[in-house]
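Data block below; observations after.
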Amino acid sequence: MRLLVENIAELVGIRPAGVERLCGAEMAELPSIRDAWLLADDGRIAAFGPMPVPADITADVTVDAEGGMLFPSFCDSHTHLVYAGSREQEFLDKINGLSYEEIARRGGGILNSADRLHETSEEELYAQAMERIREIVAKGTGSVEIKSGYGLTTEDELKMLRVIRRIRETAPLTVRSTFLGAHAVGRAYAGRQSEYVDMVCREMIPAVAREGLADFVDVFCDEGFFTTEETARILRAGAEYGLVPKIHANELAVSGGVQVGVAHGALSVDHLERMDDEAIEALRGSRTMPTMLPGAAFFLGMSYPPAREMMRAGLGVALASDYNPGSSPSGDMKTVVSLACIRMRMTPAEAINAATLNGAYALGLSHECGSITVGKRADFFLTRPMPSVAFFPYAYTTPLVHRAFLRGREVVA
Ligand code: NIG
Ligand code: FE
């Protein structure tokens, strides 16, 4: 199937093939063509250029962008979007003054979601998650990572990962799966954290690997959750089965999580609300993508990661939604881009690069998506007409994502 899009006011995020990620000052550039067309063939970007469309280009379907812009789809490299129900009671607790850590200590938080997940059938979990998938696809996401971590028993972790596999097989977007058994200590192991970690390494990881259910392994490495030593053990156990680390680090404290991640070749270290010079230094020259989740910082009222400092140090940074019921009940990447501009002083170009190509890198998919490049998947969205690219994050609640296309086909919500 050949799809032609014409009358694109600005075709945004054009890159030559082979650009894996953008670092430091490179992030400020967002190459584009004004008044453009784009051709997708068999699900991939086949050609593009300035209007008029050359006479020899033919298509099965022609779409008029009607003066809207075309952006590469968002690559959301960190979510927990398979979960049961919701946790607005904790939202009220927070309004009444409790902190995220206090809620967790009282048995709320992640353990609350684990209880609900245990009682919910795989079918129901899938149905709830697919509603969220439909929502984020309509908002412009084309690739997404989804974590387990609300199971916390072998059986329930496998249940979650099977739901993620089913989403991967049935949803129009590209899905990557992460095993996060070490999200919290399961209730049956209360007070026996080290035994729980043993179980994650000896029982859960081999069981997950046996069914080929995960691409990545994650650990919530932070104060009050898992230590750097425990994290290292889990990452080593994952490595034996080819699971690449992507870890939660430095959300609640300067925890050494960044350094552990880098030392184990993590593809990304995520959160980073608390950073110091050593953590930034550890990232320099590494393959690890620092990934920021401003939706969580916003929702929990935390400080934001030092994005400018990291880019000044020459690092590339990625942005993701952290879509989850406790700290970020939203998968809206446009809002994430706006928050990055408003609260972390990223320019619109930097934030869009962080949410597309660098997000693709953090998913291990930058050869496949994240930019307008011949040969990549034809994953993109059209906006409503806008005066400039900067208008996109500026108009931070206006629904500017108009039509979504994945693998060269329009996705109708
Ligand atoms: O990324 N920080 C750890 N995990 C999630 C929150 C999970 C939850 O509260 O349910 C996060 O913020
Ligand atoms: Fe998270």
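The structure displayed is predicted, hence computed values, not measured ones. In this chain, numbering begins with 1 at the start of the sequence shown.
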Could you give all pairs that pass the salt bridge (charged side-chain N to carboxylate O under 4.0 Å, His left out) test and reach residues 218-231, with sequence neighbours left out? K147-D218

To the nearest 0.5 angstrom, please state how far the CG atom of L70 sits from the CZ atom of R403. 11.0 Å

Are the side chain of D156 and the backbone of K159 linked by a donor-acceptor contact shorter than 3.5 Å? no

Under 3.5 Å, is there a donor-acceptor pair between the side chain of T356 and the main chain of S371? no

Taking Q193 for its side chain and F225 for its backbone only, find out whether a donor-acceptor pair lies under 3.5 Å. yes

Sorted by chain and number, sequence neighbours left out, salt bridge (charged side-chain N to carboxylate O under 4.0 Å, His left out) with R176 holds for none

Could you give the distance from NE2 (H78) to CD1 (I247), rounded to the nearest 0.5 Å? 11.0 Å

Answer yes or no: is there a donor N or O on one side and an acceptor on the other, between the side chain of E124 and the main chain of S121, under 3.5 Å? no

Sidechain N-carboxylate O distance under 4.0 Å for K139, D76: no

Parallel, tilted or perpendicular: ring planes of Y196 versus Y189, cut at 30 and 60 degrees: perpendicular

Step-by-step salt bridge (Lys or Arg N to Asp or Glu O under 4.0 Å) determination, D115 to R187: CA-CA 9 Å; D115 293 342; R187 285 205 196 274; 2.7 Å; yes

Nearest atoms (heavy-atom pairs only) where A351 meets L319: O-CD1, 3.5 Å

Distance only, no hydrogens: is a donor on one side chain within 3.5 Å (strictly under) of an acceptor on the other, for S255 and N250? yes

Decide salt bridge (Lys or Arg N to Asp or Glu O under 4.0 Å) for E26 and R15; before the verdict, give the C-alpha distance in whole Å, the side-chain angles of both, and the deciding distance to 0.1 Å. CA-CA 12 Å; E26 293 166 354; R15 301 277 166 195; over 6 Å; no

Do the two ring centres, one from F381 and one from F71, sit under 6.0 Å apart? yes

Between K334 (side chain only) and G140 (backbone N and O only), is there a donor and an acceptor less than 3.5 Å apart? no

Once you measure the plane-to-plane angle for H248 and H271, does it fall in the parallel (<30°), tilted (30-60°) or perpendicular (>60°) bin? tilted

Answer yes or no: is there a donor N or O on one side and an acceptor on the other, between the side chain of T291 and the main chain of M289, under 3.5 Å? yes

Looking at CD1 of I234 and CG of L243, how far apart are the two atoms once the value is rounded to the nearest 0.5 Å? 12.0 Å

Under a 3.5 Å distance rule, please check whether S268 uses its side chain to pair with a backbone N or O of K246 as donor and acceptor. no

Going through the checks in order, is the side-chain hydrogen bond (donor to acceptor under 3.5 Å, both in side chains) test met by E88 and S86? CA-CA 6 Å; E88 63 273 26; S86 53; 2.6 Å; yes

Please work out whether the ring planes of F74 and F392 are parallel, tilted or perpendicular, with thresholds of 30° and 60°. tilted

For F179, enumerate each residue passing the ring pair (Phe, Tyr, Trp, His ring centres under 6.0 Å) test, keeping only those at least two apart in sequence or located in another chain. none

salt_bridge(R345, E309) N-O dist < 4.0 Å: no

Quick one, D41 with R2, criterion salt bridge (Lys or Arg N to Asp or Glu O under 4.0 Å). Give me CA distance, side-chain angles, the key distance, then yes/no. CA-CA 4 Å; D41 190 1; R2 283 160 73 87; 3.2 Å; yes

Which residue pairs pass the ring pair (Phe, Tyr, Trp, His ring centres under 6.0 Å) test with at least one member in residues 318-373, sequence neighbours excluded? none

Considering all heavy atoms of both residues, which atom of D270 and which atom of S77 are nearest to each other, and what is their separation? OD2-O, 4.5 Å

Does a side chain donor of either R87 or S113 reach within less than 3.5 Å of an acceptor in the other side chain? yes

CD/E145 to OG1/T178 distance, rounded to the nearest 0.5 angstrom? 3.5 Å

Carboxylate-amine/guanidinium proximity below 4.0 Å for E368 and R377: yes

Using 4.0 Å as the upper bound for N to carboxylate O, is an ion pair formed by R106 and E90? no

Only counting residues at least two apart or in another chain, list the ones meeting side chain to side chain donor-acceptor pair (under 3.5 Å) with R407. T174

Any chance you could lay out the salt bridge (Lys or Arg N to Asp or Glu O under 4.0 Å) test for E102 and K94, step after step, and finish with the verdict? CA-CA 9 Å; E102 281 162 342; K94 266 176 239 138; over 6 Å; no

Which atom of L339 lies closest to which atom of F298, heavy atoms considered: CD1-CB, 3.9 Å

For a side chain to side chain contact (heavy atoms under 4.5 Å, CB included) check, start with the C-alpha distance between M199 and T154, then their side-chain angles and the critical distance, and finish with the verdict. CA-CA 9 Å; M199 199 267 289; T154 303; 3.6 Å; yes

Return yes if some donor-acceptor pair links the side-chain N/O of N7 with the main-chain N/O of E66 below 3.5 Å, else return no. no

Please list all pairs passing the side-chain hydrogen bond (donor to acceptor under 3.5 Å, both in side chains) test where one or both residues lie in residues 335-344, with sequence neighbours left out. D332-T335

Where the side chain of S366 meets the backbone of E20, is there a donor-acceptor pair that is under 3.5 Å apart? yes

Within the side chain of T141, is there an N or O that forms a donor-acceptor pair under 3.5 Å with the backbone of V137? no

Give me the atom names and distance for the closest heavy-atom approach of S143 to D379. OG-OD2, 4.4 Å

